[in-house]
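See structure below.
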There are 2 protein chains.
Amino acid sequence: MRDTTPARRFTDTIYEQFARIGKAIASPRRLELLDLLSQGPRTVDALARLAAQSLANTSQHLQVLRAARLVDADKEGLYVTYRLADSEVARFFQTLRQLAESRLAEIEQTKRAFLERRGLMEPVDREALLERVRSGKVTVLDVRPVEEYRAGHIPRAVSIPLTDLKHRLAEIPRNREVVAYCRGPYCVMAIDAVELLRARGFKAVRLEDGVQEWRARGFEVAVGDRAA
Amino acid sequence: MRDTTPARRFTDTIYEQFARIGKAIASPRRLELLDLLSQGPRTVDALARLAAQSLANTSQHLQVLRAARLVDADKEGLYVTYRLADSEVARFFQTLRQLAESRLAEIEQTKRAFLERRGLMEPVDREALLERVRSGKVTVLDVRPVEEYRAGHIPRAVSIPLTDLKHRLAEIPRNREVVAYCRGPYCVMAIDAVELLRARGFKAVRLEDGVQEWRARGFEVAVGDRAA
DNA sequence: CTATTAGTCAATTTATTACTTGATTATGCG
DNA sequence: CGCATAATCAAGTAATAAATTGACTAATAG
C-alpha cells in the first residue's frame with residue numbers, strides 16, 4: 001500500500017520524530033512525572049514516592065522521557081537526579097494542559113466533582129484573590145515540600161509543608177485571611193490545607209495557581225529561604 | 001502498589017485526560033493528518049491520498065483524533081469533511097513541532113541529508129528572502145493544490161500546483177527570480193518545483209515557510225482567488 | 001569485606017494499538 | 001430500482017507498550 005519514494009521516506013522519518021514526543025507524553029504516569037519535574041529536579045526515588053509508583057516503573061518511565069530528550073539526568077553519589085531538559089519542555093507541558101482543559105470537558109467535570117464532594121466549590125473571584133495576594137493583605141501559605149518552596153515561591157509566602165501544618169498552626173496569624181497554594185490546579189495539597197485550616201477556625205481559601213501559573217501571569221517569583 | 005485514596009483517583013483521572021491528547025499525537029500517521037488538516041479542511045478520501053494511507057486506516061486514525069476532540073467532522077452528501085476542532089489545535093501542533101525541532105537533532109539531520117542529496121542545501125538568508133517576497137521584487141509561486149491556495153496564501157503569490165507546473169511554465173516571467181513555497185519546512189513540493197524550474201533555466205529558490213509560518217511571523221495572508 | 005541503599009536491567013505477562021481485509025451503511029445517480 | 005462511491009465497521013493478526021518481579025550494579029557506611 002504505502003509507497004517508498006525518497007520523498008515519502010523523508011516525510012515518514014520526520015513525522016516519526018515528531019511522534020517520539022507524542023509517545024513520550026502518551027502515558028498518564030509520564031505526564032505526572034513531567035508535572036512534578038516542572039516544579040524542580042528530583043531523584044528517582046522521590047518521584048516514585050510522589051507519583052505513588054514502584055521504583056522500577058518510575059525509572060523506566062523516566063528513561064522513556066529521556067529517550068525523547070524531554071528530561072536529563074545526572075548522578076551524584078547514590079542518587080540520580082532528573083530534571084526537565086529545557087524550559088521549553090515546561091512551556092510545552094503548559095500548552096498541552098491548556099489544550100486539554102479547553103477541548104476536554106471531562107477535566108472541568110472531574111475537578112468540579114472532586115471539589116464539590118469536599119464542599120470547596122465556592123465561587124472565587126480569581127482576579128480579586130490575586131490582587132489580595134499581591135498586596136500582602138493576606139497570609140500566603142505555600143504548602144509544598146520545602147525544597148519546592150526554595151526552588152521558587154510567591155513573594156512573601158510562608159512555607160509550611162502540608163505534612164507539618166497540623167503542628168505549626170501557631171505560626172499563622174489568626175486575624176488575617178489565609179490563602180494556600182501548592183503545585184497548581186490539579187494538586188490537592190492546598191485543598192487539604194484549606195480544609196484543615198477551616199476546621200481549626202481560620203478563614204482560608206485556596207489559590208488554584210502554582211508557581212508556574214504565577215510566573216506565566218508575569219508576576220515575580222522569589223527564590224530561596226525567606227529573608228527575615 | 002498504587003493507593004486508591006480519592007485524591008489519588010482524582011489526579012489519576014486528570015492525567016488520564018491529559019494523556020488522551022498525548023495518545024492522539026503519539027502516531028506519526030495522525031501527526032501527518034493533523035499537519036494536512038492545519039492547511040484546511042479535507043475529506044477522508046483526500047487525506048488518505050495525501051498521506052498515502054489506506055482509506056480504512058485513515059478513517060480510523062481520524063476517529064481517534066476526533067475522540068481526543070482535536071478534529072471535528074461533518075457530512076455533506078457522500079463526503080465527510082474533517083477539520084481542526086479549533087485554531088488552538090494548530091497552535092499546539094506548531095508548539096510540538098518547535099519542541100521536536102529544538103530537542104531532537106535527528107530532525108535537522110534528516111532534513112539536511114534529504115536536501116543535500118538533491119543538491120539544494122545552499123545557504124539561504126531567510127530574512128533577506130522574506131523581504132524580497134514581501135517587496136514584490138520576485139515572483140512568488142504557491143505550488144500547493146488550488147484549494148489550499150484559496151484557503152489562504154502569501155499575498156501576490158501565483159497559484160500553480162506542482163502537478164501542473166510542467167505545462168504552465170509559460171505563465172512565469174523569465175526575467176525575475178522565482179520563490180516557490182508549499183506547506184512548510186517538511187513539505188517537498190516546493191523542492192520539486194525549484195528543481196524543475198532550475199532545470200528549465202529559471203532562477204528559483206525555495207521558501208521553507210508555509211502559510212502557517214508566514215502568519216506566525218505576523219504577515220498578512222490573502223484569501224480566495226487572485227484579484228485581477 | 002559485608003551490608004545497605006538507589007537505581008537499572010531483563011524477563012514475563014497482560015493490555016493496547018496499528019493495520020489489513022472484507023462486509024456493511026448511506027448517499028446520489030441514471 | 002440497481003449500481004457506484006465515500007466512509008465506517010468488525011474481526012483478526014501482528015507489533016508495541018505497561019507493569020511486575022527478581023536479579024544485578026554502583027556507591028557508601030560500618
Side-chain angles (χ1 to χ4, degrees), chain A residues 1-4 8 12 15-16 18-34 36-37 41-68 70-83, chain B residues 1-4 8 12 15-34 36-37 41-68 70-83 147:
Chain A
M1 175 77 230
R2 303 224 85 206
D3 67 44
T4 53
R8 196 9 90 183
D12 281 358
Y15 288 115
E16 261 153 38
F18 291 169
R20 282 174 66 186
I21 310 274
K23 285 190 217 283
I25 60 163
S27 147
R29 300 288 141 77
R30 287 196 288 271
L31 286 168
E32 181 164 11
L33 293 173
L34 278 180
L36 289 166
L37 285 172
R42 281 280 176 294
T43 63
V44 181
D45 189 66
L47 289 166
R49 257 180 298 108
L50 290 167
Q53 286 297 299
S54 77
L55 188 69
N57 202 213
T58 305
S59 171
Q60 273 153 198
H61 277 307
L62 287 168
Q63 283 169 65
V64 174
L65 289 172
R66 186 157 58 166
L70 298 181
V71 305
D72 280 335
D74 47 12
K75 190 164 184 176
E76 287 167 57
L78 264 183
Y79 296 84
V80 176
T81 301
Y82 279 82
R83 68 194 74 246
Chain B
M1 175 76 230
R2 302 225 86 206
D3 67 43
T4 53
R8 192 15 85 184
D12 279 0
Y15 288 115
E16 261 153 38
Q17 292 299 324
F18 291 171
R20 283 174 67 186
I21 310 273
K23 285 191 217 285
I25 60 163
S27 146
R29 301 287 143 77
R30 286 197 288 272
L31 287 168
E32 181 164 11
L33 293 173
L34 279 180
L36 289 167
L37 285 172
R42 282 278 176 293
T43 64
V44 182
D45 189 67
L47 289 166
R49 257 181 296 107
L50 289 166
Q53 286 297 301
S54 78
L55 188 70
N57 202 214
T58 304
S59 171
Q60 273 153 196
H61 277 307
L62 287 167
Q63 283 170 67
V64 174
L65 289 172
R66 187 158 56 167
L70 297 180
V71 305
D72 280 334
D74 47 12
K75 190 166 183 175
E76 288 167 57
L78 266 181
Y79 295 85
V80 175
T81 301
Y82 279 83
R83 68 194 74 247
E147 317 90 76

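Protein chains get the first letters and strands the later ones, always in sequence-line order, with residue 1 at the start of each. Just so it is clear, the model here is predicted, and its values are computed rather than measured.
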Open item on the list: Between R29(B) and T58(B), is there a side-chain heavy-atom distance shorter than 4.5 Å?
Closed with: no
TODO: Determine: side-chain N/O of Y82(A) to OP1/OP2 of dA6(C), distance under 4.0 Å, yes or no.
DONE: no
Open item on the list: Using whole Å, what does the distance between atom C1' of nucleotide dT5(D) and atom CG of L55(B) come to?
Closed with: 10 Å
Open item on the list: Counting C-beta onward and ignoring hydrogens, is there a side-chain heavy-atom pair between Q60(A) and S54(A) closer than 4.5 Å?
Closed with: no
Task: side chain to side chain donor-acceptor pair (under 3.5 Å) between R66(B) and Q63(B), intermediate numbers included - done: CA-CA 5 Å; R66(B) 187 158 56 167; Q63(B) 283 170 67; 5.2 Å; no
Open item on the list: To the nearest 0.5 Å, what is the distance between CG on L47(A) and NE2 on H61(A)?
Closed with: 12.0 Å
TODO: Check whether any side-chain N or O of S54(A) sits under 4.0 Å from OP1 or OP2 of dT20(D), and answer yes or no.
DONE: yes
TODO: Name the residue closer to the 5' end of DNA chain C, choosing between Y79(A) and H61(B) according to the nucleotide with the nearest heavy atom.
DONE: Y79(A)
Open item on the list: Under 4.0 Å from OP1 or OP2 of dA7(D): is there any side-chain N or O of S59(B) that close?
Closed with: no
- [ ] With the side chain counted from C-beta on, respond yes when L37(A) and L62(A) share a heavy-atom pair under 4.5 Å apart, and no when they do not.
- [x] yes
Open item on the list: Looking at every non-hydrogen atom in both residues, tell me the closest pair between A26(A) and P28(A) and how far apart they are.
Closed with: O-CD, 3.9 Å
Open item on the list: Using salt bridge (charged side-chain N to carboxylate O under 4.0 Å, His left out), reason through R42(B) and E32(B) one step at a time and then give a plain yes or no.
Closed with: CA-CA 13 Å; R42(B) 282 278 176 293; E32(B) 181 164 11; over 6 Å; no
TODO: Identify, residue by residue, the members of residues 24-33 of chain A with a heavy atom below 4.0 Å from DNA chain D, and return them in order of residue number, or none.
DONE: S27(A), R29(A), R30(A)
Open item on the list: Side chain of Q63(B), heavy atoms from C-beta onward: which of dT20(D), dA7(D), dT8(D) has the nearest atom to it?
Closed with: dT8(D)
Open item on the list: How long is the straight-line distance from OH of Y82(A) back to CG of L36(A), given to the nearest 0.5 Å?
Closed with: 14.5 Å
Task: Proximity to the side chain of T43(A) - top-ranked nucleotide from dT21(D), dT8(D), dG7(C) - done: dG7(C)
- [ ] Can you check each nucleotide of nucleotides 24-30 of chain D against protein heavy atoms at under 4.0 Å and return B for base, S for sugar-phosphate only, - for none, in 5' to 3' order?
- [x] --BBS--
Open item on the list: In this structure, how many angstroms lie between the C1' atom of dT21(C) and the CD atom of Q53(B), rounded?
Closed with: 15 Å
- [ ] Decide yes or no for L34(B) and V71(B): does some side-chain heavy atom of the first lie under 4.5 Å from some side-chain heavy atom of the second?
- [x] yes
Task: First of Q60(A) and N57(B) reached from the 5' end of DNA chain C, by closest nucleotide - done: Q60(A)
Task: K23(A) vs A46(B), nearer the 5' end of DNA chain D by closest nucleotide - done: A46(B)
Open item on the list: Tell me the interatomic distance from R20(B), atom CZ, to dT17(C), atom P, rounded to whole angstroms.
Closed with: 12 Å
